[in-house]
Participant: 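My questions all concern the structure below.
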Amino acid sequence: TAEAKYMPYKDPKQPLCVRVNDLMKRMTLEEKIGQMTQIERAVATNEAIKNDLIGSVLSGPGSVPSREATPETWVNMVNEFQKSSLSTRLGIPLIYGIDAVHGHNNVYKATIFPHNVGLGVTRDPVLVKKIGAATALEVRATGIQYAFAPCVAVCRDPRWGRCYESYSEDTEIVRLMTEIIPGLQGDITDGSEKGAPFVNGQQKIAACAKHYVGDGGTHLGIDEGDTILDSQKLFSIHMPAYNDSIIKGVATIMTSYSSWNGVKMHANRNLITGYLKNTLKFKGFVISDWEGIDKITNPQDANYTYSILAGINAGIDMVMVPFYYREFIDGLTYLVKNKFIPMSRVDDAVQRILRVKFTMGLFENPMADYSMTKYLGCQEHRDLAREAVRKTLVLLKNGKSSMQPLLPLPKKTSKILVAGSHADNIGYQCGGWTMGWQGRSGNVTAGTTILSAVKKTVYTNTQVIYNENPNQDFLKSNNFDFAIVVVGEPPYAQTSGDSSDLTILEPGPSTIRNVCGSVKCVVVLITGRPVVVQPLVDTIDALVAAWLPGTEGQGVTDVLFGDYGFTGTLACELVSILMTHCVGISPPQHYYGGYREVDGLCSVFEGR
Ligand SMILES: O=[N+]([O-])c1ccc(O[C@@H]2O[C@@H](CO)[C@H](O)[C@H](S[C@@H]3O[C@H](CO)[C@@H](O)[C@H](O)[C@H]3O)[C@@H]2O)cc1
């Protein structure tokens, strides 16, 4: 009969709590544990989803349906997984997650925005909210409903390989940048219950504040290391952005690989359940990092059953397994059936997951279509990214004397040299987490290199000569009016980006010495963090920090050639410290901005 067929959880007119409670009552332990399991798309067969009742699938960095896949191919892939999920007994839709951390950075031809280190320099929450909205549209263009962003780390030591994923070393700037969350998810409606997850419909996506907590404060900046701080420092430096994220309705929070005073965050019940859930009233779900519970033990995976026990009892709700999901499911099932993990903990986890899925309309709109593919890499988003690039640029030096500023550069002149390893390389311009975990070199996606941007900016009769690393003969045999030298760091991600000395690798310094020794030069640094350039500063006429600008290189030339002014400012002027103070010379003339001591940083560069 109709009554028998009516299920409140399927009725969008029912209040959220009624739908969650009705569905919970119907679920078996297997169905509940399946919801707590997130697996990588490479192992996500339709059988796995149907038989193991998997609740979530992800793309790890670089994990794509096919090389240079179109948005339609992405939509088809996600829909196939979704069909399997909907064919299960209760038809709970799955949620698909991906790292869209500076635009939809795994997807060919997506708009790649500046990495967070540059966005923090803008101090512009309105801009960052627009970037969130654009990113949400491009993620939805591929049928995906969930992004593991924003990273709200407070990077306290630039030697950390993930420093560029952090908006700033200044807590207040990171707090300001949480405005990206309403961009990604939509503005939470007034009167919403504090801590409730909020995602406003099909043009928005679930976000993920990460990595909880203190990932940017590890000792010596060692990735996945130990944050050795007293409570007052942890709560005043690293926690505030989580409170802001929760107030703004963030749907999920990801735990950090790092430890706090020796306790692994993935096993920290006081901070996950005690503080995040009970004190801050967070009602979305907590997701582990990739193999994050495996890393609770040292060595990793030494005792996976213990890892499950510690992680789930600490308050983790969904586990990014991502490959050996049968082991996870069997282990958790054993622990629940033998009462090592109470059923109430499982119910708390599943209620949170269902709350997010119901709130974001996944039950009503589980399937994607092609209607949003037009947003991927659209011109409006590229223009926004170009504006963002402009606002991330920091002017560190302009001319060897106040009477001879080099910038802005003239568009009309006879001959310009463009040089440097990063001048004509989209992959380098974008940095890590772009078309692959570690990032890549070369023409990896659609965009405008700084060289191309120079050519588009100058007058037609201005000659632009490109030479990546010119020698003295070349320089002497040409009469260049000035040179633009674009150098920096190669792309990296996480531990492989940890640095002990923050120098830029050859041939960067040699290119600077050669070119700037012969020609008036502006050096543009493409780096994920402040780097030590003090030994080169005297030979440089003008110096600009451009961080990791992404695909829209025209944003750099817009400012170099004076169509827009410099507005980017550093938080505690780290670059100046690295360039000057710590190595004992006075700031270069026309140095912009003051600086203040950063505890202990100088010791790094004076070998103490
Ligand atoms: O084969 N190996 O040598 C190897 C080494 C390290 C690996 O470690 C893994 O590498 C990457 C995949 O290849 C994973 O992305 C994660 S990182 C983690 O991934 C999440 C999902 O992408 C992000 O949201 C988080 O923000 C981030 O902290 C892990 O570090 C994997 C393989």
Side-chain angles (χ1 to χ4, degrees), residues 37-44 56-64 95-107 115-117 135 139 144-155 160-167 180 184 205-218 221-225 227 241-242 245 250-259 264-266 285-296 298-301 307 311 316-325 431-440 491-498 528:
T37 310
Q38 184 182 69
I39 68 176
E40 220 284 333
R41 55 165 288 285
V43 297
S56 183
V57 177
L58 87 143
S59 275
S63 181
V64 298
I95 187 168
Y96 195 105
I98 196 165
D99 294 280
V101 295
H102 62 138
H104 202 359
N105 41 260
N106 284 297
V107 177
H115 264 297
N116 288 353
V117 63
T135 301
V139 170
I144 296 173
Q145 324 95 349
Y146 178 25
F148 306 124
C151 176
V152 293
V154 182
C155 174
W160 184 36
R162 304 192 76 163
C163 189
Y164 66 83
E165 297 183 61
S166 163
Y167 290 110
I180 193 169
L184 291 164
I205 57 175
C208 179
K210 71 185 186 180
H211 310 79
Y212 183 77
V213 64
D215 51 345
T218 55
I222 295 166
D223 187 38
E224 305 187 17
T227 298
Y242 286 95
S245 300
V250 74
T252 76
I253 290 174
M254 185 184 290
T255 39
S256 176
Y257 287 130
S258 57
S259 302
K264 288 277 185 176
M265 275 311 307
H266 275 75
F285 67 80
V286 175
I287 184 169
S288 80
D289 204 333
W290 176 290
E291 296 176 344
I293 64 169
D294 310 48
K295 296 181 176 188
I296 288 173
N298 186 10
Q300 174 175 341
D301 273 335
S307 283
I316 289 171
D317 303 309
M318 183 181 283
V319 172
M320 186 186 291
V321 178
F323 297 122
Y324 309 110
Y325 57 88
W433 291 98
T434 311
M435 303 306 289
W437 183 37
Q438 296 293 319
R440 289 162 53 191
Y492 52 80
Q494 297 173 234
T495 307
S496 57
D498 283 1

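For ligands, and for the atoms within them, numbers begin at 1 and follow the listed sequence. Treat the numbers as computed from the prediction; the structure is a model and nothing was measured. Scope of the values below: all heavy atoms of this structure, side chains included, with no hydrogens, waters or symmetry mates.
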Participant: Taking only residues two or more places apart in sequence or in another chain, which ones pass side-chain contact (heavy atoms from CB on, under 4.5 Å) with Asn116?
Facilitator: Leu119, Cys151, Tyr167
Participant: If only side-chain N and O atoms count, and only distance matters, is there a donor-acceptor pair under 3.5 Å linking Trp437 with Gln494?
Facilitator: yes
Participant: How would you list, by chain and number, every residue that makes a salt bridge (charged side-chain N to carboxylate O under 4.0 Å, His left out) with Lys295, sequence neighbours excluded?
Facilitator: Glu224
Participant: Fit a plane to each ring of Phe323 and Trp290, take the angle between them on a 0 to 90° scale, and name the class: parallel (under 30°), tilted (30 to 60°) or perpendicular (over 60°).
Facilitator: perpendicular
Participant: Under a strict 4.0 Å criterion on non-hydrogen atoms, which protein residues are in contact with ligand 1?
Facilitator: Pro61, Asp99, Phe148, Arg162, Lys210, His211, Met254, Tyr257, Asp289, Trp290, Met320, Trp433, Trp437, Gln494
Participant: Please identify each residue that fulfils side-chain contact (heavy atoms from CB on, under 4.5 Å) with Ser56, with sequence neighbours left out.
Facilitator: Gln38, Ile95, Met318
Participant: Going by atom types only, do His102 and Thr434 share a side-chain donor-acceptor pair under 3.5 Å?
Facilitator: yes
